Amino acid sequence: MPAAAEPSATPEFPKAYDPAPAETRWYAVWEEAGVFSPEVNPDGEPFCIVIPPPNVTGSLHMGHAFEHALIDATIRHRRMQGYAALWLPGTDHAGIATQNVVEREIAKEGLNRHDLGRQSFIERVWRFKEESGGQITQQMRRMGSSCDWSRERFTMDEGLSHAVRLVFVGLYEEDLIYRANRIINWCPRCHTALSDIEVEHEEVEGELCYFRYPFTDGTGHVTVATTRAETMLGDTAVAVNPDDDRYRDAVGKTLKHPFFDRELVVVADDVVDPEFGTGAVKVTPAHDPNDFDIAQRHDLEAIDIFDESANITEAGGERFVGQDRFSARMSVKEALEEARLLEKVEAHHHAIGHCYRCHTVVEPRLSLQWFVRVRPLTIPAIDAVKDDRTRFIPERWEKLYFDWMENLRDWCVSRQIWWGHRIPAWYCPDGHVTVSMDEAVACGECGSKEITQDEDVLDTWFSSALWPFTTLGWPDDTADLRRYYPNAVLHTGFDIITFWVARMMQMGIHFAGDVPFAQVAIHGLVRDADGRKMSKSFGNVVDPLELAGRYGADALRFALTRAASPGQDVPLAEEWVDGGRKFINKLWNASRFVHQNLDGQTLSAIEAAGLPDDLALADRWILSRLATVIESVERGFTEYDFAEALRDLYAFTWGEFCDWYIELAKLPLNAGGAERARTQAVLGHVLSNVLRLLHPVVPFATEELWERLGGDGLCIVARWPQADGLPRAPDAETAMGAVVEIVTAVRTFRSEQTIPPSKRFPVHVVPADDRQRDVLASVEAEILALAGLDAVVLETERAPQEGEHRMVAAGAEVIIPLEGLVDVEAARSQIDRQIGKLNADLERVRAKLASDGFVAKAPADVVEKERRKEAEAADALDALRAQRALFG
RNA sequence: GGGCGCUUAGCUCAGUUGGGAGAGCGCCGCCCUUACAAGGCGGAGGCCGUAGGUUCGAGCCCUACAGCGCCCACCA
C-alpha cells in the first residue's frame with residue numbers, strides 16, 4: 001500500500017497517550033456530526049434514558065460522574081447496536097436547596113427575601129440560575145456524556161410548568177389532591193412544611209421529663225412523661241389506656257394546668273401504651289401527630305404555642321413568650337420545679353427528625369396544607385412492579401419500594417417558599433377555592449373578583465415525578481412521547497427510590513398511561529478510599545473534574561465503571577484512577593504496535609477483507625477468546641453489571657491480547673509474506689473489536705485510536721462487536737493453555753535460579769500425549785522465543801539422568817540440562833519444592849477418592865477426573881523423585 | 001423496634017447452577033528484550049468473620065451468633 005494511504009491525520013504516534021488533546025477535540029467532532037441524536041439510527045428501536053436531573057445551580061460531583069458514566073456506557077452501547085438511543089439531559093430547579101443558596105447570598109448584603117419581596121426575589125433566583133445554570137452541563141460535556149442537547153429541559157421551563165399545573169388541576173378534579181389542616185413536619189429554619197421523607201431521623205441522647213398535673217378536685221395528681229417539656233404549654237388533655245386499671249377512676253376527671261386558667265380532661269385512648277413512662281400521656285394536639293389524632297377522637301382543643309421559627313407565642317404564656325424551643329424547655333422545667341410538680345428527669349435515647357436541607361430539628365406543626373391522596377395511585381404502581389412491567393436491578397430493592405408504597409401516608413406537597421411552581425389555587429374572601437390552569441380572575445364559586453392566589457409553591461419532587469414524560473412533550477401527543485415513553489431504563493441511586501422512583505411510577509401510570517421505564521438499575525454510592533461516605537463537612541470529597549484533569553476523563557470513567565456492580569458501593573481510591581490511566585496507556589501502545597505493523601492498511605480495509613482462512617493456532621485461540629469476551633461484555637452491559645464486563649475485557653486485553661498474542665505475533669510478523677499478512681489481519685480484527693468494546697467506557701481514547709488506525713467512520717457509531725462470526729476453537733484454547741504453562745514453568749525456573757534473560761539454553765519436553773505432541777510441535781518456535789530458549793527438544797520419553805532439572809507443566813515433563821546454567825545444589829531445593837507441592841496435590845486427590853461414598857455418590861465424570869488427576873500426579877511424582885535421587 | 005447489605009491476600013474487591021481459592025494496588029527479586037519502565041517476567045502472602053447443620057464433598061446451601069454499615073419507624 002502506498003505511503004499516501006497512511007491512515008492517521010497525525011503521522012506521529014507518541015509513546016504515551018495524552019488525554020487532553022483527544023478529549024478537547026472529539027466532543028466537538030461528535031456534536032458536529034450529530035451523533036448524539038437518536039436520529040443517527042433512524043430505523044432503530046427506541047432506547048431512551050432521561051437523566052436524573054441534577055440541581056441547575058450545582059456543579060458536577062463524584063456521584064454525578066459515576067451515574068453519568070453508567071448512563072453514557074449504556075447509551076453508547078445501545079447506539080452502537082443500532083438503537084435510536086436517546087439520552088435526554090436536563091436540570092432541576094431544586095426548590096428549597098436553590099432558594100437557600102440565594103437567601104445566603106443576599107444575606108451577605110444584609111437582606112432577607114422579605115426585604116426584596118416575592119417578585120424581585122424570584123427574579124434574583126432566575127438571574128442566579130442563568131449565571132450558574134450552564135456549569136454542570138459544561139462539566140458533563142467535559143466528561144464525555146453523549147446527551148442530545150437539542151432536547152435539554154428544565155423543570156421550570158414553560159412546557160414543564162404547564163404540565164405541572166395540568167397535573168395539579170387534574171388531581172384536584174379527581175379529588176386526589178386536597179387542602180386540609182393537619183400536623184405536618186415544619187422546618188423552623190426554612191419556614192416551610194416538609195413531606196415525611198424529607199425528614200431525616202437521627203438517634204440522640206435526650207431526656208424524659210416526669211411531672212404532675214393535679215386533679216381539680218384536689219384528690220391527687222396524674223404524672224406524665226415527656227421528651228419535650230415545653231409542649232405542655234399547649235396541653236389540653238391527658239390520655240390513658242382504657243384497660244389500664246391504675247387510671248380507671250381518673251378517666252373523665254379534670255386536671256389543672258399549673259400555668260394557665262385551663263382544665264385538662266383525662267381521656268381513654270387505645271393508642272396509649274401502658275408500659276411506657278407512667279402510662280399517662282400529656283396531649284398537645286397542635287404539636288404532635290399522635291396527640292392530634294387523639295384530639296380528633298375526643299374533640300379536644302388545639303392550642304398552637306409556636307410561631308414559624310418555633311419560638312413561644314403569647315399563647316404559651318407571658319413567662320415563656322419569645323423563647324425558642326430549647327430554652328423554653330429549660331424554663332418550663334424550672335417553672336414546674338418551682339410549683340413542686342417536677343418529679344424527675346431521666347436520660348432517654350430516642351430519634352428526632354431533622355430537615356434534610358438544613359438539618360434543623362423539625363417541629364410538628366398544625367397547619368393548612370395541600371396533600372396528594374396517594375392511596376389510589378399506589379395500587380397500580382405496586383402492580384406494575386409485581387408483574388414485571390418495571391423491573392428493579394438488583395431485585396432486592398423492590399422490597400423497599402413495596403414497603404414504602406404500602407405504608408404511604410398522604411403527601412404534603414405545599415411549600416412555604418417562593419422558588420418553584422406556584423400552586424394554581426385562588427381563594428375568595430368567603431373561603432371558596434378556585435383551582436385553575438390559567439390565571440384566575442374570579443372565584444369559580446361566587447364570582448368574587450377579590451381573589452388571591454395561594455402563596456405556596458409545590459414540592460420540588462412534584463415536578464420531578466413527571467419528568468419521564470413531561471420532558472418528552474407531555475401533555476401534547478408528540479412524536480418523542482410516542483417513541484420514547486416508556487423510557488428503557490432509569491439509572492439511579494437507592495437513596496431516591498422513595499423520593500423519586502416511586503412517585504414517577506405513580507404519576508407516570510396515572511397521567512402518561514404506562515410505567516415510566518422498563519427497568520430501574522440501582523447503583524451504589526461512591527465512597528472514599530476508606531469506604532467512607534464523601535461529605536463536605538468531613539472534607540473527603542474528591543472533585544471528578546480535578547481527577548479527570550490529571551488522569552483523563554476516560555481514566556476516571558473506566559475506574560468508576562469498573563467498580564460498578566449493581567447496587568454495590570464504589571470505594572474510589574486515586575490508585576484506581578491511575579490504574580485506569582495505565583490501562584488506557586497499555587491500549588494505546590498495543591494499538592501503536594499494531595499500527596506500526598500494518599504496513600499502512602486500515603482497520604476498515606482489514607475488516608472489509610474478512611478473516612483469512614489459514615489461521616494458526618494462536619490466531620484461532622485469540623479469536624475464540626475474543627468471542628467469549630464479547631459475550632461476557634454484552635451480558636454485563638445488558639444486566640448493568642459493568643464490573644463483570646470490564647473485568648473480563650481488561651483481562652482479555654491486557655492478559656491475553658497484549659501479554660501473549662502480540663508477543664507471539666512478532667514471529668510471524670517478522671517472517672513476512674503470507675504469515676505476516678495473516679497475522680496483520682488477526683491483529684487488526686482483534687484490536688478493532690477491543691476498541692469498539694471499550695468505547696462505551698473509554699470514549700475519547702478509543703475514538704482517537706479508531707482514527708489513527710483507520711477504523712470505518714467514527715467509533716462512536718461503529719457497529720457493536722458480534723461473537724457470532726468468530727471461529728470457536730476449544731482445541732486451540734487447550735493447546736494455548738499448555739503453551740502458557742510450559743513457558744511459565746521455564747520462566748519460573750529461570751527467575752528462581754536468577755538466570756539472566758539473555759542466557760539461552762535448551763529444554764527437553766515429554767508431552768502428555770500424542771495430541772499435545774502435535775500441538776507443541778507446531779508452536780516450538782513460539783515457546784522458544786517466549787521462554788528465551790535456544791532449543792525445544794520434543795521426546796517420547798526421557799529417563800531421569802544426572803545434571804538435569806525436571807518440572808511438570810500441563811501434564812508434560814519439562815527437562816532442563818543444568819550444565820553451565822546453575823550448579824546442582826541450587827537446583828536441588830527447587831525440585832524439592834516441586835515434589836512437595838505435587839505430593840500434597842496427590843494426597844488430596846487420594847484422600848478424596850478414598851473418602852466415604854465419594855466414588856459411589858459423586859457424578860461419574862467428577863470421579864473420572866479425579867482418577868485421571870491421580871494417575872498423572874503419580875507418574876509425574878515418580879519421575880521427579882527419580883530425578884531427585886540423582887541429585888544425591 | 002423492624003428490615004437490608006457486608007465480613008475472602010497488607011488494602012479495595014471478584015468468585016456465574018456446591019467438585020483442586022482469583023484480580024488490581026502494595027510488597028520482594030530479575031530485566032531499559034526494537035508497542036508500552038505509565039512497562040516486561042517471576043515470586044511471596046489467605047483455618048474464605050465464629051459455631052453448628054445438610055452433603056461423598058461447603059467460600060458457595062440452612063441455622064444461630066458476632067462485628068461493621070445502611071434504610072425504615074407517630075412509645076409520648
Side-chain angles (χ1 to χ4, degrees), chain A residues 13 15-17 183 196-197 201 208 224-228 231 239 271-273 275-278 280-284 288-293 348 350-351 353 364 396-397 399-400 403-404 407 409 494-495 497-498 524-525 527 529-533 562-563 565 567-573 575-576 578-579 581-597 632 635 641 643-644 647 650-651 655 658-659 662-663 666 743-744 747-752 754-758 785-786 788 841 844-845 848-849 851-859 861-863 865-866 869:
Chain A
F13 205 132
K15 283 174 77 164
Y17 172 57
I183 296 271
D196 294 339
I197 50 176
H201 292 272
L208 197 55
V224 295
T226 178
T227 55
R228 295 188 299 153
T231 60
V271 299
V272 178
D273 174 8
E275 304 296 318
F276 188 87
T278 61
V281 188
K282 57 188 274 311
V283 179
T284 322
D288 184 281
N290 260 328
D291 295 3
F292 180 77
D293 290 344
H348 181 60
H350 65 136
R396 68 184 140 87
W397 291 106
K399 195 173 152 33
L400 171 63
D403 284 354
W404 189 74
N407 296 308
R409 292 187 299 167
F494 57 82
D495 48 333
I497 290 176
T498 54
L525 228 57
R527 299 176 172 276
D530 299 314
R532 283 179 302 242
K533 197 168 168 172
R562 194 180 163 205
S565 291
Q568 290 300 112
D569 286 352
V570 174
L572 183 71
E575 293 80 59
W576 265 83
D578 194 40
R581 184 183 56 127
K582 285 176 175 167
F583 175 73
I584 293 163
N585 194 57
K586 186 74 178 177
L587 177 73
W588 177 265
N589 276 291
S591 305
R592 184 165 175 260
F593 173 83
V594 173
H595 180 258
Q596 284 167 356
N597 284 283
S632 167
R635 188 172 55 247
D641 191 341
E644 187 193 291
R647 187 167 52 246
Y650 181 99
C658 291
D659 288 350
I662 286 184
E663 291 307 316
K666 287 173 183 175
V743 169
T744 302
R747 283 170 174 173
T748 304
F749 170 79
R750 184 192 285 277
S751 178
E752 288 185 349
T754 55
I755 301 164
S758 50
L786 294 179
D841 283 352
R844 198 170 26 218
V845 175
K848 190 179 236 181
L849 283 166
S851 72
D852 289 345
F854 176 73
V855 176
K857 296 190 178 173
D861 60 316
V862 174
V863 176
K865 216 169 96 190
E866 294 297 321
K869 265 191 257 177

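Here is how names work: the chains are called A, B, and so on, in the same order as the sequence lines, proteins then strands, and each is numbered from 1. Predicted model, so just to flag it, every value in this text is computed and none were measured.
- Within the 4.0 Å cut-off from OP1 or OP2 of B:G40, at least one side-chain nitrogen or oxygen of A:K586 is found.
- Nucleotide B:A38 holds its P atom 9 Å from the CG atom of A:N585, rounded to whole Å.
- Spacing between atom NZ of A:K848 and atom C1' of B:G57 amounts to 6 Å, rounded to whole angstrom units.
- We find that CZ of A:R747 is positioned 14 Å from C1' of B:G43, with the value rounded to whole Å.
- Listed candidates were B:G20, B:A76, B:G42. Nearest to the side chain of A:V845 is B:G20.
- A:E866 places a side-chain heavy atom less than 4.5 Å from the side chain of A:F854.
- Nearer the 5' end of RNA chain B, as judged by each residue's closest nucleotide, is the contact made by A:D569, out of A:G579 and A:D569.
- For the OP1/OP2 pair of B:C74 and a distance below 4.0 Å, the side-chain nitrogens and oxygens of A:R409 include at least one atom meeting the criterion.
- Between the base of B:A14 and the side chain of A:Q568 there is no donor-acceptor pair shorter than 3.5 Å.
- Pairing partner, B:C68: B:G5, with both Watson-Crick or wobble hydrogen-bond distances short of 3.5 Å.
- At a threshold of 4.0 angstrom between heavy atoms, the contacts of A:P756 with the nucleic acid are absent.
- Within 4.0 Å of A:R562, counting heavy atoms only, lie sugar-phosphate atoms of the nucleic acid but no base atom.
- A distance of about 27 Å separates the C1' atoms of B:C75 and B:G69, rounded to the whole Å.
- Of the candidates B:C13, B:A76, B:C4, B:C13 carries the atom nearest the A:P571 side chain, counting heavy atoms from C-beta on.
- Nucleotide B:C25 forms a Watson-Crick or G-U wobble pair with B:G10, both donor-acceptor distances falling under 3.5 Å.
- Among the heavy atoms of the strands lying under 4.0 Å from A:A351 is at least one base atom, whether or not backbone atoms are also near.
- Here the nucleotide nearest the side chain of A:N589, chosen from B:C56, B:C36, B:C25, is B:C36.
- Note: CZ (A:F13) to P (B:A35) measures 13 Å, nearest angstrom.
- Taking atom CG on A:L400 and atom P on B:G5, their separation rounds to 12 Å, with Å as the unit.
- In this structure, the CG atom of A:L786 is 16 Å from the P atom of B:U33, given to the nearest Å.
- Contact check, A:H350 against B:A73: no side-chain N or O comes under 4.0 Å of OP1 or OP2.
- Listed nucleotides: B:A14, B:A35, B:G20. Nearest to the side chain of A:R647: B:A14.
- Only the P atoms considered, B:U33 is 22 Å distant from B:C28, to the nearest whole Å.
- Within 4.0 Å (heavy atoms only), A:A573 reaches no atom of the nucleic acid at all.
- The nucleotide whose nearest atom lies closest to any side-chain atom of A:A858 is, among B:A76, B:G19, B:C70, B:G19.
- Residues A:W404 and A:I497 have side chains not in contact (no heavy-atom distance under 4.5 Å, counting atoms from C-beta outward).
- If you take atom P in B:G59 and the same atom in B:U7, they sit 15 Å apart, rounded to whole Å.
- Taking atom CG of A:D578 as the reference point, atom C1' of B:A37 lies 14 Å away to the nearest angstrom.
- At whole-Å resolution of the value, CG in A:N407 and C1' in B:C74 are 13 Å apart.
- The separation of B:A51 from B:A14, taken at their C1' atoms, amounts to 27 Å, rounded to a whole angstrom.
- Ring geometry for A:F276 versus A:H348: interplanar angle over 60°, hence perpendicular rather than tilted (30 to 60°).
- Atom name P, nucleotides B:G18 and B:C60: the rounded distance is 11 Å, in whole Å.
- Remark: A:K857 is in phosphate contact with B:C56, judged by side-chain N or O atoms under 4.0 Å from OP1 or OP2.
- Rounding to the nearest 0.5 Å places CG of A:L525 at 6.5 Å from CG of A:D495.
- At B:G42, one or more side-chain N or O atoms of A:T744 fall inside 4.0 Å of OP1 or OP2 (strictly under the cut-off).
- Along RNA chain B, the nucleotide closest to A:D659 and the one closest to A:D403 are compared, and the more 5′ of them pairs with A:D403.
- Classified by interplanar angle (parallel below 30°, tilted 30° to 60°, perpendicular above 60°), the ring pair A:Y17/A:W588 is tilted.
- The pair A:K582-A:D578 meets the salt-bridge criterion, with a side-chain N (NZ, NE, NH1 or NH2) lying under 4.0 Å from an Asp/Glu carboxylate O.
- Applying the 3.5 Å distance criterion, the base of B:C36 shares no donor-acceptor pair with the side chain of A:K15.
- Closest contact between the side chain of A:H201 and the listed nucleotides B:C36, B:A76, B:A73 involves B:A73.
- Closest to the side chain of A:F593, out of B:G24, B:A35, B:A76, is B:A35.
- When each of B:G19, B:A76, B:G29 is scored by its nearest atom to the side-chain atoms of A:K865, the top-ranked nucleotide is B:G19.
- Set against B:A35, B:C74, B:A76, the side chain of A:R592 has B:A35 as its closest nucleotide.
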With salt bridge (Lys or Arg N to Asp or Glu O under 4.0 Å) as the criterion, how do A:K865 and A:D861 come out once you've worked through the C-alpha distance, each side chain's angles and the decisive distance to 0.1 Å? CA-CA 6 Å; A:K865 216 169 96 190; A:D861 60 316; over 6 Å; no

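- In this structure, of B:G24, B:C30, B:G43, it is B:G43 that holds the atom nearest to the side chain of A:T748.
- Residue contacts shown for A:R750 are absent, as no nucleic acid heavy atom lies under 4.0 Å away.
- Proximity of A:K666 to the phosphate of B:A35: a side-chain N or O atom is located under 4.0 Å from OP1 or OP2.
- Across B:C32 and B:A38, the matching P atoms stand 15 Å from one another, rounded to whole Å.
- Spacing between B:G24 and B:G43 at atom P, rounded to whole Å, works out to 13 Å.
- Comparing B:G45 with B:A9, their C1' atoms are spaced 6 Å from each other, to the whole Å.
- Minimum heavy-atom separation, A:T226 to A:T231: OG1-OG1, 4.3 Å.
- Taking the side chain as every heavy atom from C-beta outward, A:S632 and A:E644 approach each other to under 4.5 Å.
- The base-pairing partner of B:U63, taking Watson-Crick or G-U wobble contacts with both distances under 3.5 Å, is B:A51.
- With a 3.5 Å ceiling on both atom-pair distances, the Watson-Crick or G-U wobble partner of B:G39 is B:C31.
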